[in-house]
Amino acid sequence: ETGVTQTPRHLVMGMTNKKSLKCEQHLGHNAMYWYKQSAKKPLELMFVYNFKEQTENNSVPSRFSPECPNSSHLFLHLHTLQPEDSALYLCASSLGGDLNTGELFFGEGSRLTVL
Amino acid sequence: AQTVTQSQPEMSVQEAETVTLSCTYDTSESNYYLFWYKQPPSRQMILVIRQEAYKQQNATENRFSVNFQKAAKSFSLKISDSQLGDTAMYFCAFTPMDSNYQLIWGAGTKLIIKP
């Protein structure tokens, strides 16, 4: 297994569905992130977990619910999404704690389409 | 507010040419890291090069180098002897050293290397 793995790579869901995105890192890192990437816009940080504790929640709507059961796994639970939530969702990890240098290691992303 | 501006939405050059991507940022912090990340089509975002703001010497990584002008808050990326594999979105980002892991991102520059 290499680096940061995200599943599924593509997801199409209706506005009333409930689905989850999964991220797994094999780098021994202690911090994990969810970003939203939309075309021609800067990456939007959604959530940060450091040593399994959520440290950032950048005013993300409650229809997005993160879960971090351990330092290697991160989930993003989705429910009653809106079409404007369609985007590429990127997971990333970093060393975390006092070792953090800002360098992130990314997964390939989950392309979400909300109909 | 801290911001990153990439003024070139898209650029294209011939293979083997040198290309420079622009990035300016705005911050009141004195200690921070600067980054260039590369996102090839349908592939993972990866770190290209990193610069510590307290270092006067410009960072280099093989064909990639930066021109860091702290007073001007400018951080451009130069790619020498460009290759087809350099085709990608390039994102400039910075993080204050005490930022709780929040990177500030630019909107990206799409670079196309033509054969």
Side-chain angles (χ1 to χ4, degrees), chain A residues 1-6 9-10 23-27 29-51 53-60 68 74 88-111, chain B residues 1-11 23-27 29 31-55 59 61 66 75 88-111:
Chain A
E1 293 289 350
T2 57
V4 181
T5 304
Q6 290 186 242
R9 293 290 310 279
H10 300 274
C23 177
E24 185 173 2
Q25 59 95 2
H26 303 274
L27 300 170
H29 290 166
N30 294 301
M32 296 188 76
Y33 310 73
W34 280 117
Y35 278 93
K36 177 182 180 182
Q37 184 178 21
S38 304
K40 300 182 181 180
K41 293 176 65 176
L43 270 69
E44 300 174 49
L45 179 64
M46 300 176 72
F47 302 104
V48 181
Y49 280 83
N50 189 32
F51 291 91
E53 297 296 321
Q54 185 174 315
T55 58
E56 295 291 338
N57 176 348
N58 282 2
S59 303
V60 179
C68 188
L74 185 65
L88 183 67
Y89 288 85
L90 296 174
C91 175
S93 70
S94 70
L95 288 169
D98 292 340
L99 298 175
N100 199 54
T101 60
E103 181 176 355
L104 301 178
F105 294 78
F106 285 87
E108 294 186 4
S110 294
R111 173 69 64 185
Chain B
Q2 300 179 112
T3 59
V4 175
T5 301
Q6 294 180 248
S7 59
Q8 305 146 314
E10 185 169 330
M11 299 181 70
C23 174
T24 58
Y25 57 95
D26 188 20
T27 183
E29 302 284 341
N31 294 317
Y32 47 87
Y33 295 108
L34 292 155
F35 307 88
W36 278 99
Y37 280 85
K38 168 186 177 182
Q39 187 179 36
S42 302
R43 293 180 61 190
Q44 287 165 297
M45 181 113 62
I46 58 172
L47 179 66
V48 174
I49 201 164
R50 184 181 78 178
Q51 174 84 42
E52 290 89 344
Y54 61 85
K55 290 186 177 180
E61 287 287 342
V66 298
F75 184 61
M89 285 291 296
Y90 286 81
F91 294 92
C92 178
F94 87 95
T95 184
M97 287 186 178
D98 60 351
S99 71
N100 292 327
Y101 321 114
Q102 290 226 28
L103 269 72
I104 314 299
W105 294 84
T109 295
K110 183 177 182 180
L111 176 64

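All values below come from the heavy atoms of this structure, side chains included, with hydrogens, waters and symmetry mates left out. Sequence lines set the chain letters: A, B, ... in the order given, protein chains first and strands last, and positions in each chain run from 1. Predicted, not measured: the structure shown is a model, and the values here were computed from it.
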Checklist entry - Relative to chain A, which of B/Q44, B/R50, B/Q39 shows the most heavy atom pairs under 4.5 Å? => result B/Q44
Chain A contact via [X] - side chain, backbone, both or neither, heavy atoms under 4.5 Å:
| X | result |
| --- | --- |
| B/E52 | neither |
| B/Y32 | neither |
| B/F94 | neither |

Next on the checklist: Using 0.5 Å steps for rounding, measure from the CD atom of B/Q51 to the CZ atom of B/F75.
Outcome noted: 5.5 Å
Checklist entry - Can you tell me how far NZ of B/K55 sits from CG of B/L34, rounded to the nearest 0.5 angstrom? => result 12.5 Å
Item to check | Under 4.5 Å from any heavy atom of chain B - which part of A/E44 | outcome: neither
Checklist outcome for this item: Hits for salt bridge (Lys or Arg N to Asp or Glu O under 4.0 Å) against B/E61, two or more places apart or cross-chain, chain-then-number order -> none
Item to check | Contacts of A/R9 that satisfy side chain to side chain donor-acceptor pair (under 3.5 Å) - sequence neighbours left out | outcome: A/E108
Checklist entry - Among side-chain atoms of A/E24 and A/T5, is any donor-acceptor pair under 3.5 angstrom? => result no
